Amino acid sequence: MAGAGFSSKQGNNRSFDPLNQNRGAAASLAEKADNSAEDLAKVMEKAVHKLIEESAIHSSKHEFTKALEKAKDAGKKERALTKHRDSNGLVDQINIDLTYAVWFNLANVYQQNGMNEEALNTYTIVVKNKQYPQSGRLRVNMGNIYYSQKKFPQAIKMYRMALDQIPNSGKEVRFKIFRNIGNAFVRLGQFQDAIQSFETIMNSMPDFQSGFNLILCYFALGDAEKMKRGFTKLLAIPIQGSNDDEDEEDESKAAEEAEAVGQARVDTLREQMKKDRKEAEHYIITAGRLIAPSLNKSDWTVGYGWV
């Protein structure tokens, strides 16, 4: 006689399962529906980003042919992405920054591969697009291409248009562009125009290269007084590390000792300062030798005495 509600016999082959945990395998989850147009767009966008990154990596390794292949693929996929979003009512999700990155990278890689016309055409597409108000700065790149092609008037035009896009707060960039303009005018033999660019730099943020170029222009015009003035300004530019000879000797000795015992020789800031100092001295000495004979036409020794 069995207790009420319990039987030792497992009728119908069922085991004791008060929580009904042995009711069999759960029904399989419904398979995920096909990706929506928005999800597909995200996948496509990620692929474009990856191609741009791969292109940049190849460029950094000077593998410019491979970089160009990736850049072109990125362009194709980005256009397909834009078309996909447009046809599926996702225009508000079009990523103009991504489009800019694709075009800029492609133009840059064209330039690295020496495909100047293709680079110029691609840069032109970008700078003329009103969606990219800051893209006018890319005209510096276009100017550099024209300069390399010895098309100096076109280079100057591009540099000047780029200046309009650089705020006054970006002094360093502006003065680099002024230097490019000055160099282009020198190539054209228009020394007076070149002088304006170099004087602009020397009056605000003087550097040895611009100062030397300015003296060359004065020399080309045969203006002895301005040569003197330019040389004086050149001498007035501070030379970093010029008073650290003893410290430099100590550090150089320590570096040599480290190298002697198999340790890596560390490239320090002082090494860069030393390099800059040598460059500055080179400009000063070369400028002095250049102008000295021209400072006094009747007695060239006077010029050397002044220098």
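A quick note: this is a predicted structure, and the numbers were derived from the prediction, not measured.
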Does any donor atom in the side chain of Thr82 or Glu78 lie under 3.5 Å from an acceptor atom in the other side chain? yes
Grab the two heavy atoms, one from Asn105 and one from Ala71, that are nearest each other, plus how far apart they are. ND2-CB, 3.5 Å
Met44 side chain near Leu40 side chain, heavy-atom distance below 4.5 Å: yes
Any pair with a residue in residues 65-89 that passes ring-ring contact (aromatic ring centres under 6.0 Å, His included), sequence neighbours left out, goes on the list, sorted by first then second residue, please. none
Identify, with sequence neighbours excluded, every residue that meets side chain to side chain contact (heavy atoms under 4.5 Å, CB included) alongside Glu53. Ile57
Measure the spacing between CD1 of Ile145 and CD of Gln154 and express it to the nearest 0.5 Å. 12.5 Å
Selection residues 198-214 - residue pairs positive for side chain to side chain donor-acceptor pair (under 3.5 Å), sequence neighbours left out: Arg179-Asp207, Arg179-Ser210, Asn183-Asn213, Glu199-Tyr218, Asn203-Lys233, Asp207-Ser210
Any chain of hydrophobic side-chain contacts (each under 4.5 Å) joining Ile177 to Met205? yes
Can you list, by chain and residue number, the hydrophobic cluster partners of Leu51 when the side-chain cut-off is 4.5 Å? none
If you take all heavy atoms of Gln165 and Arg137, which pair is closest and at what distance? O-NE, 3.5 Å
Please tell me if the side chains of Lys70 and His58 come closer than 4.5 Å, counting only heavy atoms from C-beta onward. yes
Is the side chain of Ser55 donor-acceptor paired with the backbone N or O of Ala67 at a distance under 3.5 Å, no angle test? yes
Do the side chains of Val140 and Val127 join up, straight or via other hydrophobic residues, at under 4.5 Å, putting them in one cluster? no
Among pairs that include at least one residue of residues 137-174, which meet ring-ring contact (aromatic ring centres under 6.0 Å, His included), considering only residues two or more places apart or in two chains? Tyr147-Phe152
Single-linkage hydrophobic cluster, 4.5 Å side-chain cutoff, Ile166 and Ile156 together: yes
Could you walk me through whether Glu225 and Lys228 pass the side-chain contact (heavy atoms from CB on, under 4.5 Å) test, one step at a time? CA-CA 5 Å; Glu225 288 304 314; Lys228 287 183 177 181; 4.2 Å; yes
Within 6.0 angstrom of Lys66 NZ, more than 12 heavy atoms from elsewhere: no
Using side-chain heavy atoms (C-beta onward) and a distance below 4.5 Å, is Ile201 in contact with Pro206? no
State, yes or no, whether a side-chain contact exists between Ile181 and Leu163 at a heavy-atom distance under 4.5 Å. yes
What residues, two or more places apart in sequence or in another chain, satisfy ring-ring contact (aromatic ring centres under 6.0 Å, His included) together with Tyr283? Phe212
Which distance, rounded to the nearest 0.5 Å, do you find between the OG1 of Thr122 and the CE of Met142? 10.0 Å
Sequence-distant partners of Gln93, side chain to side chain contact (heavy atoms under 4.5 Å, CB included), two or more places apart: Glu38, Arg85, Leu90
ring-ring contact (aromatic ring centres under 6.0 Å, His included) partners of Phe219, counting only residues at least two apart: none
With sequence neighbours excluded, residues passing ring-ring contact (aromatic ring centres under 6.0 Å, His included) with Phe64: His62
Let me check something: do Leu221 and Leu216 share a hydrophobic cluster, defined by ILVMFWY side-chain heavy atoms less than 4.5 Å apart, either directly or through other members? yes
Treat each ILVMFWY residue as a node, draw an edge where side-chain heavy atoms are under 4.5 Å apart, and state whether Val186 and Phe208 are in one component. yes
Answer yes or no: is there a donor N or O on one side and an acceptor on the other, between the side chain of Asn121 and the main chain of Glu117, under 3.5 Å? yes
Partner set under salt bridge (charged side-chain N to carboxylate O under 4.0 Å, His left out) for Arg174, not counting sequence neighbours: none
Restricting to pairs with a member in residues 103-133, which pass ring-ring contact (aromatic ring centres under 6.0 Å, His included), not counting sequence neighbours? Tyr100-Tyr132
Hey, could you give me the CD1/CD1 distance between Ile215 and Ile195, rounded to the nearest 0.5 Å? 11.5 Å
Closest approach of Leu234 to Ala287 (non-hydrogen atoms, all atoms of both residues): CD2-CB, 4.0 Å
Taken to the nearest 0.5 Å, the spacing of Phe198 CZ from Leu214 CG works out to 7.5 Å
Taking the side chain as every heavy atom from C-beta outward, state whether Ser135 and Asn129 have any atom pair closer than 4.5 Å. no
Could you report the tightest heavy-atom contact between Leu106 and Leu68, atom names first, then the distance? CD1-CD1, 4.0 Å
Are Leu81 and Asn95 packed together at the side-chain level, in the sense that at least one heavy-atom pair is separated by less than 4.5 angstrom? no
Does atom NZ of Lys226 have more than 12 heavy-atom neighbours from other groups under 6.0 Å away? yes
Would a 4.5 Å heavy-atom cut-off, applied to side chains only, mark Gln149 and Leu120 as touching? yes
Which atoms form the tightest heavy-atom contact between Cys217 and Ala194, and what is the distance? SG-CB, 3.8 Å
Does any part of the side chain of Lys46, heavy atoms only, come nearer than 4.5 Å to the side chain of His49, both counted from C-beta? no
Give, for atom CG of Leu138 and atom CE of Met161, the distance between the pair rounded to the nearest 0.5 Å. 12.0 Å
Is Arg187 atom CZ crowded by more than 12 heavy atoms from other residues, nucleotides or ligands, each under 6.0 Å away? no
How does the hydrophobic cluster around Ile94 look, that is, which other residues are in it when side-chain heavy atoms under 4.5 Å mark a link? Val91
